[in-house]
Protein chains: 2
Amino acid sequence: MDIDPPSVTAGPPPARPLRRDAQRNRDTLLAAARRAFAEEGLGASLEQVAKQAGLAIGTLYRHFPTRLDLVQAVFADKLGVWYEAAERAVVMDDTWEGFCFFLETMCELQSGDRGFSGLAGTRLPEVACLAGTQTRIHELGIRIVERAQEQGTLRPDVTPEDVAFVIWSVGRVSEATQDVAPEVWRRHLYLLLEGFRAGRVHPLPVPSLTPEQLYEAMARPGDLMGRTP
Amino acid sequence: MDIDPPSVTAGPPPARPLRRDAQRNRDTLLAAARRAFAEEGLGASLEQVAKQAGLAIGTLYRHFPTRLDLVQAVFADKLGVWYEAAERAVVMDDTWEGFCFFLETMCELQSGDRGFSGLAGTRLPEVACLAGTQTRIHELGIRIVERAQEQGTLRPDVTPEDVAFVIWSVGRVSEATQDVAPEVWRRHLYLLLEGFRAGRVHPLPVPSLTPEQLYEAMARPGDLMGRTP
DNA sequence: GAAAAAGGGGAGGGGCCCCTCATGTTTCCG
DNA sequence: CGGAAACATGAGGGGCCCCTCCCCTTTTTC
């Protein structure tokens, strides 16, 4: 039987399992944080998160000493989904389809989740345990772009860096429209991929915003400015 | 000589000219606010604005009782420029050029100015004196789109509401990149107009971000999350 | 140049939030 | 079952910000 050697240079210590109540509270906190980040972005109030979870603020800090710890715990799975999509995309026969699949999956993850949009547009600090995943996704993204260009399905003069435009812009459009037309970001993505130009018309995937929807989607002034009595 | 009639139902009261010191302070405050809004968006701290202007917070509130008052005073001119661009665009012979001119001017106004980006994506309350200008710009935008579609230079299946995508997305891209490559938003705008698709290649207007620039442009984690000691 | 009017100052109340820590409670394990 | 270890609690110090209000200073006006 293997004698557990007095951890010479082990990485994470054995990590004894959590107490039952602690595990339950941790899950509750994660659920509350997921909601809060989705609705308000990565800057959501941690005191509100704790309150929504029905727990004290000190409990939150015991489980997640820094905001980054909480962010990583909340988004580890979504980042994993994105990574798997990149792995699938990079081996697709149709490289254009792979390119679109990579981007569309990412945007689906972003849609309705300001937190993930923020994370996707945020360079994680090297110390973050999720930084590795982010880096690998980035590398796969480069390959996806290169393959599509080698096969001539993607403009030769775009670069992998241009992909960031998609992250930023769809994140913003989705943020603005999610409450009023949660799928309309696809229209934006499609326009970004196909272009506004007349001719060669592939029909757009979802209907446009109606004027009323647009009105609702524009940032409510009260959110940004003091009321005007 | 015209007898000033005891203002029967006049609109704004005669509005006596400001005292000299008051006018000077007002200008100083506007300059400080312009900087603060440009750098931090419409949510910039008013206490900081006053401090930057070297004036007391009470003075700021005397001149601009609400944040909206200050916002309108700061951005009235930019909104005017946008409006004039729309007027020019709507009568251009080449309707596609008009469409592009309208959007590009707007994006130039947005670039490097988070405040104006926010304002462009914000529905002003009816009471705001700038709301009329915003509405007229919106109407001109509709005409610009319709003309381009009648002339067959713009996809028939886009709507005036889709123009909001440009406002939101260029605003976000510009915000992310302004410190590192302040012109690269043009590349995004161009891609949005022309499309990522291979073939029919019009060269892109400015170079892509380098990987290093991209790294710098991604939101600094410290801005969003607590430090990780 | 003195009174009236306009403007400027800034302390302070209230709110929200971050994060810590001393104290009290639950779980686990022998 | 009993005690040690793990965990939960929430008041409280510190920070930033919004906005008000009363009193003092400057400008204008006659």
Side-chain angles (χ1 to χ4, degrees), chain A residues 12-33 35-37 39-71 73-74 115 221-229, chain B residues 4 12-33 36-37 39-71 73-74 115 221-229:
Chain A
R16 308 190 23 189
L18 287 177
R19 244 167 59 173
R20 254 206 327 283
D21 57 342
Q23 181 63 55
R24 181 166 32 80
N25 288 345
R26 188 173 194 279
D27 294 343
T28 312
L29 284 168
L30 280 177
R35 274 199 54 208
F37 286 148
E39 288 175 9
E40 309 183 37
L42 299 179
S45 158
L46 298 186
E47 291 197 328
Q48 287 306 312
V49 169
K51 178 174 293 181
Q52 287 298 316
L55 295 169
I57 183 66
T59 306
L60 187 152
Y61 277 96
R62 161 173 287 275
H63 284 278
F64 307 102
T66 76
R67 183 177 216 99
L68 180 58
D69 293 323
L70 182 55
V71 166
V74 163
D223 299 347
L224 296 172
M225 341 198 155
R227 33 279 97 100
T228 29
Chain B
D4 226 316
R16 309 192 19 188
L18 287 178
R19 247 167 59 173
R20 254 206 328 284
D21 57 343
Q23 182 63 55
R24 181 167 32 80
N25 288 344
R26 188 173 194 278
D27 295 342
T28 311
L29 284 168
L30 279 177
F37 286 148
E39 288 174 9
E40 309 183 36
L42 298 179
S45 158
L46 298 187
E47 291 198 329
Q48 288 306 313
V49 169
K51 178 174 293 181
Q52 287 298 318
L55 295 169
I57 184 64
T59 305
L60 187 152
Y61 277 97
R62 164 173 288 275
H63 284 279
F64 308 102
T66 77
R67 181 179 292 264
L68 180 58
D69 293 322
L70 181 54
V71 166
V74 163
D223 298 347
L224 296 172
M225 342 199 153
R227 49 255 116 87
T228 29

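Within every chain, numbering begins at 1; the chains are lettered A, B, ... in the order of the sequence lines, protein sequences first and strands thereafter.
Phe64(B) pairs with exactly one of Leu46(B), Val71(B), Leu30(B) by the side chain to side chain contact (heavy atoms under 4.5 Å, CB included) rule, that one being Leu30(B).
With sequence neighbours excluded, the residues that form a salt bridge (charged side-chain N to carboxylate O under 4.0 Å, His left out) with Arg19(A) are Asp21(A). By the side chain to side chain contact (heavy atoms under 4.5 Å, CB included) test, Ala36(B) is found to be paired with Ala44(B), Val49(B), residues two or more places apart in sequence or in another chain being considered. By the side chain to side chain donor-acceptor pair (under 3.5 Å) test, Gln23(B) is found to be paired with Asp27(B), residues two or more places apart in sequence or in another chain being considered. Remark: Ala53(B) pairs with Thr28(B), Leu29(B), Ala32(B), Leu55(B) by the side chain to side chain contact (heavy atoms under 4.5 Å, CB included) rule, at least two apart or across chains. Scored by the side chain to side chain contact (heavy atoms under 4.5 Å, CB included) test, Arg62(A) finds no partners at all (sequence neighbours excluded). For the salt bridge (charged side-chain N to carboxylate O under 4.0 Å, His left out) test, residues two or more places apart in sequence or in another chain that qualify with Arg35(A) are Glu39(A). Take Ala50(B) and apply the side chain to side chain contact (heavy atoms under 4.5 Å, CB included) test, not counting sequence neighbours, and it matches Ile57(B), Leu60(B).
The nearest whole Å value for the distance from the CD atom in Glu47(B) to the P atom in dA11(C) is 12 Å. The CG atom of Asp69(A) sits 11 Å away from the P atom of dC19(C) (whole-angstrom rounding). Rounded to whole Å, the distance from NZ on Lys51(A) to P on dC18(C) is 12 Å. Taking atom CD of Glu40(A) as the reference point, atom C1' of dC16(C) lies 13 Å away to the nearest angstrom.
Listed by residue number, the members of residues 54-63 of chain A with any heavy atom below 4.0 angstrom from DNA chain C are Ile57(A), Tyr61(A).
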With B for base contact, S for sugar-phosphate-only contact and - for none (protein heavy atoms under 4.0 Å), nucleotides 22-30 of chain C reads ----BSS--

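For the helix from dG1(C)-dC30(D) to dG30(C)-dC1(D), the axis fitted to the five pairs at one end and the axis fitted to the five pairs at the other end meet at an angle of 0° (nearest 10 degrees).
Residue Asn25(A) places none of its side-chain N or O atoms closer than 4.0 Å to OP1 or OP2 of dC7(D).
Comparing dC18(C), dG8(C), dC19(D) by their closest approach to the side chain of Leu46(A) singles out dC18(C).
Using modelled atom types, one side-chain atom of Asp69(A) and one backbone atom of Thr66(A) make a donor-acceptor pair closer than 3.5 Å.
Between atom CZ of residue Arg26(A) and atom OG1 of residue Thr59(A) there is a gap of 13.5 Å, rounded to the nearest 0.5 Å.
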Polar atom pairs between nucleotides 1-4 of chain C and protein, under 3.5 Å, N or O only, would you list them?
none

